[in-house]
A.B. asks: 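Structure in structure tokens, see below.
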Amino acid sequence: MSERVVGDPSALEPEKEVRALRKEIRRHDHLYHSVGEPEISDVAYDRLYLRLTELEKAFPELVTGDSPTQRVGAPPRPDLPSVEHAAPMLSLDSTQEEADVRRFDERMRGATERDAVGYVLEPKLDGVSIEIVYADGVLRRAVTRGDGRVGEDVTDNIRTIRSVPLRLWTGVRPAPSRLAVRGEVLMSLSSFEGLNQRLVEGGARPYANPRNVAAGAIRQLDSGITAERPLDCFVYDVLEVRGIAFDTDDSVLEALGDWGFRVPSRIRSVRGVEEILAYHARYAEDRDALDYEIDGIVIKLNDLAARAEIGATSHHPRWALAYKFEPRKEITRIHRIAVQVGRTGALTPVALLLPVEVGGVTVSRASLHNREELVRKDIRERDRVRVQRAGDVIPQVVEVLDGERADRSPPFPMPDSCPSCGTPVVASGPGTFCPNRFGCPAQLRGRVVHFASRHGLDIAGLGAETASVLVDRGLVGELVDLFDLTETELAELPGFAETSAANLVRSIQERRATELRRFLFGLGITGVGRSVAADLAAHFQRLEALLEADPEALAEVPGIGPKMAGEIEAFLHDDRTAGSVRALFGRMERLTAPPPPEAPAGRWAAKRFAITGTLSSMRRDRAREIVEAAGGRVTSGVTRGTDVLIVGRKAGAKAAKARELGVEVWNEEAFLKEAGLDEPGPEA
Ligand code: IVH
């Protein structure tokens with residue numbers, strides 16, 4: 001959202017301030033971490049950082065990937081050696097919904113053909129993921145997860161952690177010649193509080209949360225510093241082992257304990273989904289009593305052979321699921337409610353909050369969504385409210401506390417007229433809209449910001465504040481005017497120096513050659529987000545072809561239904577919008593599109609397969625590869641949509657179901673024959 005908060009005095013040139021803050025913070029980071037000679041106190045540093053976080057929260061469109069606040073998932077530092085993992089360190093699929101957990105269990109039942117599946121349940125530790133490698137029982141290397149493929153060598157730092165054995169214990173079982181384990185490095189809450197207290201007493205800046213301390217400490221170049229941080233490491237998985245064949249996760253965890261690793265406490269092995277739900281509920285209650293931050297539980301299939309069959313996506317294994325806890329909630333007060341007008345004319349009420357830290361992030365505003373939401377939750381100015389933050393989404397006001405108070409403010413009235421252009425507003429569904437589509441400055445400002453945004457033309461230096469100035473000064477009355485801006489005009493504007501004027505003009509002109517998908521996204525057509533824009537570009541290749549398309553031709557694009565096709569067509573053919581698209585197109589130098597995606601090729605293109613029972617000539621994941629290589633898809637269950645069921649030995653319920661539904665059934669021999677693998681020759 002790109003709108004200025006009406007009457008909010010803090011909205012003065014945030015873009016410039018953000019840029020200046022980042023530069024300043026980077027300089028201090030360098031002085032602190034690399035030179036070792038900080039110029040300012042940690043308290044002063046903290047203030048800069050906090051201000052930047054607040055501004056970025058308030059103006060999300062100003063957030064860039066290289067902001068000092070975006071260090072999560074940072075690329076490996078060049079000064080710690082990079083190491084490639086033996087096998088990619090995957091992430092976890094995650095959910096907060098019980099329904100997803102039930103669906104996961106259903107899939108696992110389908111895949112294993114059992115009524116009650118055995119799972120291992122573990123706490124999901126909120127720390128830093130690490131791989132530790134032992135050769136002949138001796139710690140040889142420790143590598144951070146990094147991007148999953150390549151991480152950083154942090155061996156010396158990991159050695160300082162007392163719960164990591166430098167040499168495997170061999171009292172109970174011998175050490176394998178090679179062992180790679182995966183674990184989580186973290187700091188206990190009590191150590192964290194102790195550390196922060198010492199920092200504050202010494203006049204230094206406290207850390208925001210234990211995870212950050214752990215992440216910072218293991219990436220230290222000087223392991224002496226790491227050693228001063230009381231870190232802990234819990235190990236929960238074997239990534240690679242020589243000479244031992246484990247068949248269940250239970251036995252893996254037991255071996256890890258025998259070798260002297262600290263294994264997460266309270267691990268349970270259970271059967272069936274009800275036990276998962278009970279464990280999750282119990283843990284959610286105990287969560288605050290633990291000395292470690294955990295953000296959910298991890299559900300893993302216990303049977304390792306079944307895991308191998310079920311396989312993984314490039315991102316996560318299909319046999320595990322993180323079931324997260326409800327997000328953290330905190331209480332604060334609304335000091336004012338402001339109303340923003342967006343690019344589409346929607347009026348959004350926004351609660352300006354007394355800043356409060358919710359799960360490690362300072363929150364100072366929350367969207368109240370629309371008129372109906374405001375009425376439903378009866379949210380008023382100066383109310384005490386509970387706010388929550390879930391993942392990276394915009395903070396929300398969950399509920400009003402002590403809403404019974406007699407001295408509450410009156411209900412907040414949504415304005416009768418647009419705060420930006422004064423046009424009487426229109427109520428529609430739950431929302432309120434300014435109908436002055438082409439004359440409302442706030443909407444135009446929103447369109448400019450969207451057009452220039454990261455996934456649009458990606459024009460550097462054209463954010464909310466600049467867009468406001470351009471619109472307010474009358475320099476931009478419609479999008480196409482951007483291309484006529486001159487250095488001289490801009491240099492006269494408040495907050496513009498000569499260089500920034502020159503830079504903006506240059507970045508606008510540079511973007512006249514761009515990708516068609518960016519241009520389409522930038523137009524702000526209802527329903528056309530990043531992926532639809534990319535689909536349209538790939539399908540039509542040229543803007544002219546898209547402009548000539550009727551709704552039927554549009555609906556041929558995969559992923560576009562008749563409704564969206566109608567909306568796109570209406571936008572492209574409405575007098576006003578069509579004129580503006582043509583005008584913009586006239587100013588573009590080049591719009592490129594990648595070659596259209598190939599339709600799934602192969603003899604089984606778009607056919608749906610399911611596999612059941614044990615195949616004698618190959619594992620199931622190999623069968624899946626063969627199907628996919630021929631353009632088919634493999635799903636776990638048998639439904640009416642299934643085209644073919646491949647059956648091996650000991651086929652169970654799925655085979656019966658296929659017969660019942662009249663699904664074609666192939667035995668292994670038929671499968672090999674259809675795949676062309678029954679006679680010697682080049683493999684498909
Ligand atoms: S299993 C391939 N188990 O959560 C299996 N991960 O959000 C993936 N994590 O990157 C890991 N506790 O760092 C697993 N008991 C646990 C975990 C755990 C914490 C982390 C792990 C992963 C992240 C995914």
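Just so you know, ligand 1 is whichever comes first in the structure, and atom 1 is the first atom listed for that ligand.
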A.B. asks: Which protein residues come within less than 4.0 angstrom of ligand 1, counting heavy atoms only?
C.D. replies: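 Residues Leu90, Ser91, Leu92, Glu122, Pro123, Lys124, Leu125, Ser129, Arg182, Glu184, Tyr236, Val298, Lys300, Pro317 each place a heavy atom under 4.0 Å from ligand 1, listed by chain and number.
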A.B. asks: Using modelled atom types only, decide if a donor and an acceptor are shared between the side chain of Arg620 and the backbone of Ala111 within a distance under 3.5 Å.
C.D. replies: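 Present.
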A.B. asks: Tell me if the centroids of the rings in Tyr292 and Phe234 come within less than 6.0 Å of each other.
C.D. replies: yes
A.B. asks: Under the 6.0 Å and 45° cation-pi test, does Arg633 pair with Phe609?
C.D. replies: no
A.B. asks: Among Arg107, Arg103, Arg109, Arg102, exactly one meets side-chain hydrogen bond (donor to acceptor under 3.5 Å, both in side chains) together with Asp105. Which residue is that?
C.D. replies: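 In the set Arg107, Arg103, Arg109, Arg102, the residue that makes a side-chain hydrogen bond (donor to acceptor under 3.5 Å, both in side chains) with Asp105 is Arg109.
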A.B. asks: Give a yes or no on whether the ring-centroid distance for Phe261 and Tyr134 is below 6.0 angstrom.
C.D. replies: yes
A.B. asks: Can you say whether the rings of Tyr279 and Tyr283 are parallel (under 30°), tilted (30 to 60°) or perpendicular (over 60°)?
C.D. replies: perpendicular
